[in-house]
Protein chains: 2
Amino acid sequence: MRDAEPASKAKRARHGVSTRDRLIAVALKLFTERGPDRVTTAQIADAAGINEGNLYYYFKTKQALVLVIFDRFEAEVDRLLESPRRDSADPAAYATFLREWFEIVWSYRFLYRDFMSLLATAPELRRRIRAISARLRAPVKTLMGHMRAAGLIAISDEELDALLANVWIVSTYWVVYLDVQEGVRALKKAHLEWGIKQVSSLFTPYLTPLAREWLDAQAATT
Amino acid sequence: MRDAEPASKAKRARHGVSTRDRLIAVALKLFTERGPDRVTTAQIADAAGINEGNLYYYFKTKQALVLVIFDRFEAEVDRLLESPRRDSADPAAYATFLREWFEIVWSYRFLYRDFMSLLATAPELRRRIRAISARLRAPVKTLMGHMRAAGLIAISDEELDALLANVWIVSTYWVVYLDVQEGVRALKKAHLEWGIKQVSSLFTPYLTPLAREWLDAQAATT
DNA sequence: GTCTATAATCAGATAGAC
DNA sequence: GTCTATCTGATTATAGAC
């Protein structure tokens, strides 16, 4: 229960949102825009419409604020992992999983982009981000195995391992690539689609005629 | 001539290397280890065996030090691009190109890993890193076109564009992935080979029987 | 819970002697 | 070219009134 609310009832002065939640939201926004090292507690308090001293009432350190945001990231990943569809060999299930993962990566992209800064003040994050990666990778590998067993992809064991690593790299860093190298500041639907298309294209050459038929049918329906 | 030596002869007190070069080497090392924001000028001077004040004789600002390192990165890329082999459709030429690019990316990986910190103090770097990306991408695309024309890969125009982007993402971020997510601190030959294998595996499914024969023959020779 | 001070620290940078 | 000494500014964090 790291992310528990304070015992007393939080005030909901503005927009019906508690000050604490507003601080978290504003911090995430600023961290994403400029990176956590280039955002001061004064700026966060300012953007949240409160005084700097007051911020320290909610978060005793700046690092605590970062950790709470990381907790939320973790919670969203948990929710994704607990959703029931992951045992399916249905390509549509994979597509949904991928889209939701991409939305999470987009929202919390500063965690990957500015990871080194975060490590310096909170070394535990290395372990935690690796744990998340490992937990996410397992169902993806399972799913790829199911796709192969169902005759949707034709691929050797060795190729499958390499593909998995590439899926991992592209699905994590597509957003850093767009941000840093292409200067994309705000996620438009087109960018999300671009990322999904990139990861999908990793699979394309391995698809069997069966899978291609199915995909064509899907495309015709939509 | 951003990277020009001072007019006067530099002393080569230790190891036969000028203080200026020593500072650059030490700064690169520390930036790589901890990220530029977590390294102070005092620490750089210390590691170089000189006084902090003296550092400022060589580099008026910390940012100037970063920019000189970036200049060297740029120069290495230039050297790679000016090497004569890039018009060839010979896969071996591509393999060499890839390996040299990977060594550069490894050496200067902090530029990609800590890009946001750098941007904050030197916004011009966004333009410069994008320019480098664009210049590198052109010959790779040309080369892929040649490979297709020579009947080594079978791929549609659309697939080729997606492949190019994935090649770009993997060949830039494999090193950040190893560093941040796998905790790899020092480049061993095995890691370089791993990165090369990952990028190669992006091409594998598109290779024609002709290319596979050629590769098998190569493998037999080596 | 929120504010007004203000403390404590530390990094980047400069001046001037040697 | 190199050092010692110092300044300046910014930032995290605290104390205590309201």
Side-chain angles (χ1 to χ4, degrees), chain A residues 4-27 30-31 34-69 114 116-118 120-122, chain B residues 4-27 30-31 33-69 114 117-123:
Chain A
E5 296 287 325
S8 60
K9 293 245 155 102
K11 281 203 185 158
R12 268 128 232 255
R14 298 163 214 236
H15 321 109
V17 182
S18 73
T19 301
R20 187 167 185 279
D21 283 343
R22 213 154 14 94
L23 280 170
I24 294 170
V26 159
L30 293 179
F31 289 166
R34 307 210 294 275
D37 276 0
R38 316 302 307 191
V39 175
T40 68
T41 48
Q43 291 167 334
I44 295 169
D46 228 54
I50 63 161
N51 185 276
E52 193 179 354
N54 193 14
L55 181 150
Y56 283 92
Y57 169 79
Y58 290 100
F59 301 98
K60 276 187 285 293
T61 67
K62 186 181 176 183
Q63 188 198 121
L65 193 43
V66 170
L67 288 178
V68 165
I69 292 175
D114 305 296
M116 289 305 284
S117 322
L118 300 173
T121 44
Chain B
E5 295 287 324
S8 61
K9 294 244 156 104
K11 282 203 184 157
R12 267 130 232 250
R14 299 164 214 238
H15 320 110
V17 182
S18 73
T19 300
R20 187 167 185 278
D21 284 343
R22 212 151 17 93
L23 280 171
I24 294 170
V26 160
L30 294 178
F31 289 166
E33 281 172 14
R34 308 210 294 275
D37 276 0
R38 318 302 307 191
V39 176
T40 68
T41 49
Q43 291 167 333
I44 295 170
D46 229 52
I50 64 163
N51 185 276
E52 192 179 354
N54 192 12
L55 181 149
Y56 283 91
Y57 168 80
Y58 291 100
F59 301 98
K60 277 186 287 294
T61 66
K62 187 182 177 182
Q63 186 200 122
L65 192 44
V66 170
L67 288 177
V68 165
I69 292 174
D114 306 296
S117 323
L118 301 172
L119 259 196
T121 45

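Order of the sequence lines sets the chain letters (A, B, ...), proteins ahead of strands, with each chain counted from 1.
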A.B. asks: Using side-chain contact (heavy atoms from CB on, under 4.5 Å) as the criterion, point out the one residue from A/I44, A/L118, A/D114, A/V26 that pairs with A/F31.
C.D. replies: A/I44
A.B. asks: Which heavy atom of B/E33 sits nearest to which heavy atom of A/M116, and what is that distance?
C.D. replies: O-CE, 4.0 Å
A.B. asks: Below 3.5 Å between N/O atoms, which protein atoms pair up with nucleotides 11-14 of chain C? Just atom names and distances, please.
C.D. replies:
| unit_1 | atom_1 | unit_2 | atom_2 | d |
| --- | --- | --- | --- | --- |
| C/dG12 | OP1 | B/K62 | NZ | 2.8 |
| C/dG12 | OP2 | B/T41 | N | 3.0 |
| C/dG12 | OP2 | B/T41 | OG1 | 3.3 |
| C/dA13 | OP2 | B/K62 | N | 2.8 |

A.B. asks: What is the distance from CZ of A/R38 to P of D/dT12, rounded to the nearest Å?
C.D. replies: 11 Å
A.B. asks: Quick check on C/dT2: is either OP1 or OP2 less than 4.0 Å from any side-chain nitrogen or oxygen of A/Y58?
C.D. replies: yes
A.B. asks: For A/A48, is there any backbone N or O sitting under 3.5 Å from a side-chain donor or acceptor partner on A/R22?
C.D. replies: yes
A.B. asks: Counting just side-chain N and O atoms, does A/N54 come under 4.0 Å of either OP1 or OP2 of C/dT2?
C.D. replies: yes
A.B. asks: Which atoms form the tightest heavy-atom contact between A/I24 and A/V68, and what is the distance?
C.D. replies: CD1-CG1, 3.5 Å
A.B. asks: Rounded to whole Å, please give me the gap between CD1 in A/I44 and P in D/dT11.
C.D. replies: 12 Å
A.B. asks: Tell me whether the OP1 or OP2 atom of D/dG1 has a side-chain N or O from B/Y57 closer than 4.0 Å.
C.D. replies: yes
A.B. asks: Partners of A/Q63 by side-chain contact (heavy atoms from CB on, under 4.5 Å), sequence neighbours excluded?
C.D. replies: A/T61, A/L67, A/T121, A/A122
A.B. asks: side-chain contact (heavy atoms from CB on, under 4.5 Å) with A/E52: which residues, sequence neighbours excluded?
C.D. replies: A/T41, A/A42, A/A45, A/Y56
A.B. asks: A/N51 has an atom CG; how far is it from atom P of D/dA13, in whole Å?
C.D. replies: 16 Å
